[in-house]
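Every chain is numbered from 1 and lettered A, B, ... according to where its sequence line falls, protein lines coming before strand lines.
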Amino acid sequence: MIATILNRQLDQLFQDAASEGLLPSPLPSYKLTRPDNPEHGDWAINVALVAAKSVGRPPRDLASDLAERISNLDGIARVDVAGPGFLNLFLEPTFAGRVFCDHFLPWLDNGAAIQPERRQRIHIEYVSANPTGPLHVGHGRGAAVGDSLARLLRRAGHDVTREYYVNDAGRQMQMLGNSLWIRLRQQHGEDVELPEDAYQGAYLIDIAAQMLGTLEDPAAFFAQPEAAQLEQCREYAEQAILSGIREDLALFRVEYDQWFSERQLHHSGAVDAAIERLRDAGATREEDGALWFDADRYGDEKPRVLVRDNGEPTYFAADVAYHLNKLERGFDQMIDLWGADHHGYEPRVRAALRACGIGDEQLEVHFIQFVTLVRSGEKVQMSTRSGKFDTLADVIAETGTDAARFFYLLRRPESHLEFDLDLARRQANENPVFYVQYAHARVCSLDRKAQEAGLTLSTFAAEHLSEPADRDLLQVLLEWPDRLRRAADQRAPHQIVFYLQDIAAAFHGYYNKQRIVDATPTEVAAARLALARAVRSVIADGLDLIGVHAPETM
RNA sequence: GCGCCCGUAGCUCAGCAGGAUAGAGCAGCGGACUUCUAAUCCGCAGGUCGGAGGUUCGAAUCCUCCCGGGCGCGCCA
């Protein structure tokens with residue numbers, strides 16, 4: 001917020017300077033940054049360095065001409081020309097406090113809204129795991145990132161729809177039905193082996209037992225033609241697994257506006273229509289009995305099959321239809337979150353959209369790297385094939401939703417994540433979740449103390465928040481709107497977690513340095529309490545964005 | 001072989017629309033509780049930013065090559 005206010009003034013000043021010929025026109029893009037060396041002031045501007053060449057003057061000369069003008073701006077105590085030509089700004093001690101009182105508090109009171117540069121209708125799709133087994137720890141990461149990103153985009157002022165694409169068509173589902181059928185027959189006393197390519201997971205044994213219990217007349221069931229038995233098994237397995245997935249996600253506070261069925265897409269004729277659209281675009285051809293999309297003409301490395309030689313459309317064909325469907329529903333931005341193992345799939349989807357004349361920028365694909373679980377200091381080996389893996393439900397049961405969601409966002413999505421279960425479970429200071437939550441609880445505690453003491457917020461002014469400790473905390477606090485906007489623009493919910501750790505650290509430091517409720521005079525106490533409450537409000541806001549609770553006591 | 005991601009402190013990782021002396025947490029060491037919650041704070045130590053070139057006034061950040069790790073290259077989904 002300080003940066004925004006300074007930038008507004010600086011832009012005007014530099015425009016004026018440009019029209020006088022002191023700076024080039026148009027103005028080159030310059031940066032207002034926080035130097036890491038305090039001797040370099042509160043803020044630094046590199047405008048003289050980037051403009052020097054086109055004006056034909058040494059950067060330091062140019063800087064000193066600008067320094068005088070800048071020093072007259074509101075809130076600026078002093079301007080130094082330093083190094084190769086940086087302009088170092090020193091703020092008046094009361095400036096941050098003034099921004100807090102005049103801008104930040106009113107902003108908070110009015111709902112703390114963020115205005116996007118351009119409000120978009122965004123469709124975001126995440127997890128979309130095949131309903132062939134329970135969600136595992138890898139899906140958990142996609143769930144945490146996707147749900148948090150959706151919250152973040154909504155918070156940043158966009159119109160967001162969250163969707164789970166249910167892959168309920170195709171051979172995997174046949175295989176699932178078949179696997180359940182075998183399990184069912186086994187439990188019915190038949191001596192049959194589970195084929196090697198079947199789903200081996202123990203969860204199907206439970207589902208088989210369940211299903212057997214619902215059959216009024218098992219003998220009659222097994223007397224039906226095989227196809228009918230298989231169809232009922234597929235149906236039962238899908239429903240059972242999908243409802244398990246829904247439960248896990250609900251427990252993980254991961255929400256959706258819509259569950260979108262792939263089978264529905266086929267039935268509605270949308271897949272055929274998509275294939276027709278590609279054909280009309282002249283982007284397809286028939287070969288070896290199959291229908292191919294010439295993806296290589298649109299940026300992919302080779303042609304891709306749309307319709308198999310047996311007449312069945314591929315998963316890819318359905319996916320093209322799905323993306324076209326999203327656009328038909330009026331979204332102007334699609335965000336897909338995929339597991340990193342699907343990155344090779346992106347070019348063909350893009351190619352198809354291009355062939356349909358759809359702009360590349362309408363689809364964003366973000367990849368979520370893998371998760372390695374660490375338990376008792378050792379990496380836990382996973383294998384989906386054999387059905388030996390840790391489920392998301394296991395992790396939630398072990399650590400709780402708060403810790404798990406926080407941990408999943410502790411790294412950038414494109415980095416491999418080592419998820420240390422022992423650390424996440426530990427109720428101690430090494431655990432970063434508690435660090436942030438504790439800061440929130442601390443302010444709540446202060447608030448209770450203030451109420452006991454009858455402290456009111458009525459009378460305080462910016463001057464009461466001008467000590468170095470105040471300014472340090474204000475600096476981080478006032479960054480919130482910018483950091484929030486930046487995290488949304490970059491589709492990076494993990495940056496919210498980083499900010500939360502920054503603001504919590506700043507507050508804990510402040511707490512240890514300054515008396516708050518019992519500070520004297522009362523005006524100072526009131527000012528500090530207002531500051532602490534603003535910190536609480538921001539922490540609660542940030543935690544809510546990542547789906548983590550903000551406790552009032554700990 | 002080709003493509004994508006990653007390589008930064010002992011460990012796990014930020015920083016990468018170029019900016020001045022590269023940061024955090026954990027682990028290690030030393031301090032701070034008769035005081036609003038010590039699940040906290042303060043200090044110390046810790047680095048050829050995988051390597052080599054290049055662009056630039058300036059490179060962890062951009063470009064090229066190389067090395068290491070992961071993943072992908074199905075008429076599977």
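Counting any heavy atom pair closer than 4.0 Å across all strands shown, A:D502 reaches no nucleic acid atom. Within the 4.0 angstrom heavy-atom criterion, no nucleotide atom of any strand lies near A:E452. At a threshold of 4.0 angstrom between heavy atoms, the contacts of A:E418 are confined to the sugar-phosphate backbone, with no base atom among them. Among the heavy atoms of the strands lying under 4.0 Å from A:N88 is at least one base atom, whether or not backbone atoms are also near. Contact annotation for A:A441: base contact, defined as any heavy-atom pair under 4.0 Å involving a base atom. Contact annotation for A:D341: backbone-only contact, meaning every heavy-atom pair under 4.0 Å involves sugar-phosphate atoms and none involves a base. At the heavy-atom level, A:L49 lies under 4.0 Å from base atoms of the strands shown. Here A:T553 lies in heavy-atom contact (under 4.0 Å) with a base. At a threshold of 4.0 angstrom between heavy atoms, the contacts of A:F498 are confined to the sugar-phosphate backbone, with no base atom among them. Nucleic acid contact class of A:E312 (heavy atoms, under 4.0 Å, all strands): none.
Taking the C1' atom of each, B:A27 and B:C33 are spaced 24 Å apart, rounded to whole Å. Going from the C1' atom of B:A52 to that of B:U12 covers 28 Å, rounded to whole Å. Taking the P atom of each, B:G10 and B:C63 are spaced 28 Å apart, rounded to whole Å. Across B:G53 and B:C44, the matching C1' atoms stand 39 Å from one another, rounded to whole Å. Taking atom P in both B:G15 and B:C6, one finds a spacing of 11 Å when rounded to whole Å. Nucleotides B:G51 and B:C67 have their P atoms positioned 15 Å apart, rounded to a whole Å. Comparing the C1' positions of B:G23 and B:C49 gives a spacing of 12 Å, expressed to the nearest Å. For the P atoms, the distance from B:A14 to B:C57 is 32 Å, rounded to whole Å.
Base pairing of B:C57: its partner is B:G19, meeting the Watson-Crick or G-U wobble criterion (both donor-acceptor distances under 3.5 Å). If you check B:U12 for Watson-Crick or wobble pairing at under 3.5 angstrom, you find it paired to B:A24. Remark: B:A32 base-pairs with B:U40. Criterion, Watson-Crick or G-U wobble with two distances under 3.5 Å. As the counterpart of B:G72, B:C2 is assigned, both hydrogen-bonding distances of the Watson-Crick or G-U wobble pattern falling under 3.5 Å. Pairing for B:U64 goes to B:A52, judged as Watson-Crick or G-U wobble with the two contacts each under 3.5 Å.
Picking from B:A77, B:C36, B:A38 the nucleotide with the shortest atom distance to the side chain of A:E262 gives B:A77. Side chain of A:S415, nearest nucleotide from B:C75, B:A14, B:C76: B:A14. Side-chain atoms of A:R171 lie closest to B:G74 of the nucleotides B:A17, B:G74, B:A14. When distances are taken from the side chain of A:H416 to each of B:C41, B:C36, B:G69, the shortest belongs to B:G69. Of the candidate nucleotides B:A39, B:U12, B:C36, B:A39 has the atom lying nearest to any side-chain atom of A:M554. Among the nucleotides B:C41, B:C71, B:G19, the one closest to any side-chain atom of A:Y435 is B:C41. Of all nucleotides listed (B:U40, B:A77, B:C75), B:U40 comes nearest to the side chain of A:H508.
For A:A340 and A:V50, each mapped to the nucleotide of RNA chain B holding its nearest heavy atom, the one lying further toward the 5' end belongs to A:V50. Residue-to-nucleotide proximity on RNA chain B shows that, of A:G170 and A:Q369, the 5′-proximal contact is made by A:Q369.
Taking 4.0 Å as the cut-off between side-chain N and carboxylate O, A:D422 and A:R425 count as a salt-bridged pair. Classification of A:E125 and A:K326 as a salt-bridged pair holds, one side-chain N sitting under 4.0 Å from a carboxylate O. With respect to the salt-bridge test (charged N to carboxylate O, under 4.0 angstrom), the residues A:R308 and A:E312 do not qualify. In this structure, A:R536 pairs ionically with A:D447, as a charged nitrogen and a carboxylate oxygen lie closer than 4.0 Å.
The stretch residues 39-48 of chain A touches RNA chain B through A:H40, A:A44, A:N46, each having a heavy atom within less than 4.0 Å of the strand.
Glycosidic conformation of B:A17: syn, with the torsion inside 90° of 0.
Note: CG (A:N37) to P (B:U21) measures 9 Å, nearest angstrom. Per the geometry, CG belonging to A:L306 stands 15 Å off C1' belonging to B:G74, to the nearest Å. Rounded to an integer number of Å, the gap from CZ of A:F507 to C1' of B:A38 is 14 Å. Atom-to-atom, CD of A:E414 to C1' of B:A14 comes out at 12 Å; the value is rounded to the nearest Å.
Side-chain N/O atoms of A:D482 and A:T4 include a donor and acceptor closer than 3.5 Å. Counted by atom type alone, A:Y315 and A:Q172 present zero donor-acceptor pairs between their side chains at under 3.5 Å. In summary, the side chains of A:H366 and A:E364 do present a donor paired with an acceptor at a separation below 3.5 Å, with no hydrogens or angles considered.
The side-chain tip of A:R78 points at the ring of A:F90 from less than 6.0 angstrom away and within 45° of straight on. Stacking of A:R350 on the aromatic ring of A:Y298 is not recorded, the 6.0 Å distance cut-off and the 45° axial limit not both being met. Relative to the ring axis of A:W43, A:R34 places its NZ or CZ within 45° and under 6.0 Å from the centre.
OP1 or OP2 of B:G15 has at least one side-chain nitrogen or oxygen of A:H494 nearer than 4.0 Å. OP1 or OP2 of B:C57 lies within a sub-4.0 Å distance of a side-chain N or O belonging to A:K53. The phosphate of B:A17 (OP1 or OP2) has no side-chain N or O of A:R486 nearer than 4.0 angstrom. Residue A:R442 places at least one side-chain N or O under 4.0 Å from the OP1 or OP2 atom of B:A38. Taking 4.0 angstrom as the limit, A:R412 places none of its side-chain polar atoms (N or O) nearer than this to OP1 or OP2 of B:C5. A close approach under 4.0 Å does not occur between any side-chain nitrogen or oxygen of A:K302 and OP1 or OP2 of B:C2. Taking side-chain N and O atoms only, A:R308 has a distance below 4.0 Å to OP1 or OP2 of B:A77. Between B:A17 and A:K31, no contact under 4.0 Å exists linking OP1 or OP2 to a side-chain N or O.
Within 3.5 Å, no donor on the side chain of A:H342 pairs with an acceptor on the base of B:G72, nor the reverse.
A:F260 and A:Y164 have their aromatic ring centers separated by at least 6.0 angstrom. You'll find the ring centres of A:Y435 and A:H508 inside the 6.0 Å limit.
With centroids closer than 5.5 Å and planes inclined by less than 30 degrees as the test, A:F370 and the base of B:G70 fail to qualify as a stacked pair.
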